[in-house]
Amino acid sequence: MEHFEQQRYFSTELLQWYVVIKRDLPWRRHRNPYFIWISEIMLQQTRVDTVIPYFNRFIEKFPTVEALADAPEDEVLKCWEGLGYYSRARNLQAAARQVKEQYGGIMPSGKEEVAGLKGVGPYTAGAIRSIAFNLPAPAVDGNVMRVLSRYFLIEEDIMKIRTRKHMEELVMQLIPEGRASDFNQGLMELGALVCTPKSPKCLTCPVMEHCRGRIEGKEDQLPVKTKAKPPRPEYRLTAIVEGTGEHAGKVLIRKRPDTGLLAGMWELPHVPESPDVKPGAYVPLPDEAAADRLGAALNAEHIPASGGEHVMNAEHTFSHIIWYMRVYRYDGQVPEPAAPLVAAEQAAAYETGNYQWIRKEDMERYAFPNVFLRILNDYFE
DNA sequence: TATCCGTGGAA
DNA sequence: TTTCCAAGGAT
């Protein structure tokens, strides 16, 4: 079969298939570019089923670009709580402010304008321009690269940027005149429902007849992809500091810096268990020593904490790190020996606004990463 | 180019 | 249980 013919067949069959079987998803019920944009950011590295409830809550709370631009960042993060990759939320709001100020609150459709928005890369720019505005732009994500690598038997490593660029050129040739929106969505829909990473459902595939990957029996070896490195372990000691006096019944939390891991999120105070753990050479500190180390670290930051009793352990896996956490409970009182010094300085720690005493019901007002939600909910149980 | 950035579902 | 990896972007 001629290459051109193979392409024409693919586009025609895919489009016809998509318009019949396409799923009813919340962001497909409108042509609102703002909604499409929100959905595309949320869908980055995140499954459809996970995104749906977040999307519905988000557009209810922030129905317009301006509503999002004008919201406090903490509220945006709270709405994103549990979804992960929290910089997406912060970049999204920064971009909403860009749209409000530079484009009068109207989502732009131009290539440069869309691609210039914070948090919008090559994929998302193409997705917004094609899906929301039906402009002929490639939206090449993992689904698309999997589908194309199989159908056209492309054995380039999809982790390489030039492979994505190659696929983008291919998609530009494949998009039928005036059908960019449905075609790009169809490509992703096929990858999500039929041309799945494992056990692709070739027998129900609309383009199986001319799929080179399947014909040559290589569908299970495609796409070619370099393996990710396993996450490195980090051993951390975590504190539940119980307030006393005016803070009785409360627990101390702190806000993370606005860059890096879990930026802008709230957490329980925690420190490395030991300064430098060589891989595979972890030796746990005895409980008493661990409690002392963590207590001393808290006091050094002018946080009143005495005692230290092991209450639970927790694990949490990120993309590149795995936290092994040992959790200790403290009384939020100034320890005896250092009392005068600590008492005099402890207030300074709270002046930054980075620390708060909270009750269980106050958790609604702060955005926590899942690992701390689990610990706090378990503790307040 | 390689690393950093979350989470949970599926097999 | 472990492993993979999902509608990626920033640096």
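Only a predicted model underlies this, so the values are computations on that prediction, with no experimental measurement involved. Below, read A as the first sequence line, B as the second, and so on, with proteins coming before strands; counting in each chain starts at 1.
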Exercise for the section: Using atom types as modelled and distance alone, determine if a side-chain donor or acceptor of A:N299 lies under 3.5 Å from a backbone N or O of A:I303. Expected result: yes
Handout entry: Parallel, tilted or perpendicular, as decided by the 30° and 60° cut-offs, for the rings of A:H270 and A:F372
Key = tilted
How long is the line joining [atom1] of [X] and [atom2] of [N], in whole Å?
| X | N | atom1 | atom2 | result |
| --- | --- | --- | --- | --- |
| A:I158 | B:dA2 | CD1 | C1' | 17 Å |
| A:I52 | C:dA6 | CD1 | C1' | 14 Å |
| A:I322 | B:dC4 | CD1 | C1' | 17 Å |
| A:L187 | C:dA6 | CG | C1' | 16 Å |
| A:K118 | C:dA10 | NZ | P | 9 Å |
| A:R90 | C:dA10 | CZ | P | 14 Å |
| A:I128 | C:dG8 | CD1 | C1' | 13 Å |
| A:M159 | B:dT1 | CE | P | 12 Å |

Problem - Options C:dC5, C:dG8, B:dC4, nucleotide nearest the side-chain atoms of A:D141 - result: C:dG8
Remember a base hit wins even if backbone is also touched, and classify [X] as base, sugar-phosphate or nothing at under 4.0 Å, heavy atoms.
| X | value |
| --- | --- |
| A:R164 | nothing |
| A:K229 | sugar-phosphate |
| A:V120 | sugar-phosphate |
| A:R146 | sugar-phosphate |

Problem - A:D24 bridged to A:R29 by N-O distance under 4.0 Å - result: yes
Practice task
For B:dC5 versus C:dC5, give the span between their P atoms, rounded off to a whole number of Å.
Solution key: 22 Å
Handout entry: C1' spacing across the pair B:dG8 / C:dT1, given as an integer number of angstrom
Key = 16 Å
Fill in the blank from the handout: Protein-proximity profile, nucleotides 6-11 of chain B, B/S/- by nucleotide at the 4.0 Å heavy-atom cutoff, equals BBBB--
Practice task
Rounded to the nearest 0.5 Å, what's the gap from OG1 on A:T50 to CG on A:L83? Could you check?
Solution key: 7.5 Å
Exercise for the section: May I ask you to check if A:R57 and A:Y54 form a cation-pi contact, with NZ or CZ under 6.0 angstrom from the six-membered ring centre and within 45° of the axis? Expected result: yes
Handout entry: Worked check of salt bridge (Lys or Arg N to Asp or Glu O under 4.0 Å) between A:R326 and A:D287
Key = CA-CA 9 Å; A:R326 299 162 65 186; A:D287 265 333; 3.1 Å; yes
Output a table of donor-acceptor pairs, distance under 3.5 Å, between side-chain atoms of residues 204-213 of chain A and any protein atom two or more places apart or on a different chain; print 'none' if there are none.
unit_1, atom_1, unit_2, atom_2, d
A:T204, OG1, A:K201, O, 3.1
A:R212, NH2, A:E216, OE2, 3.4

Exercise for the section: For A:L117 and for A:R23, locate the closest nucleotide of DNA chain C by heavy-atom distance; then report the residue assigned to the nucleotide nearer the 5' terminus. Expected result: A:R23
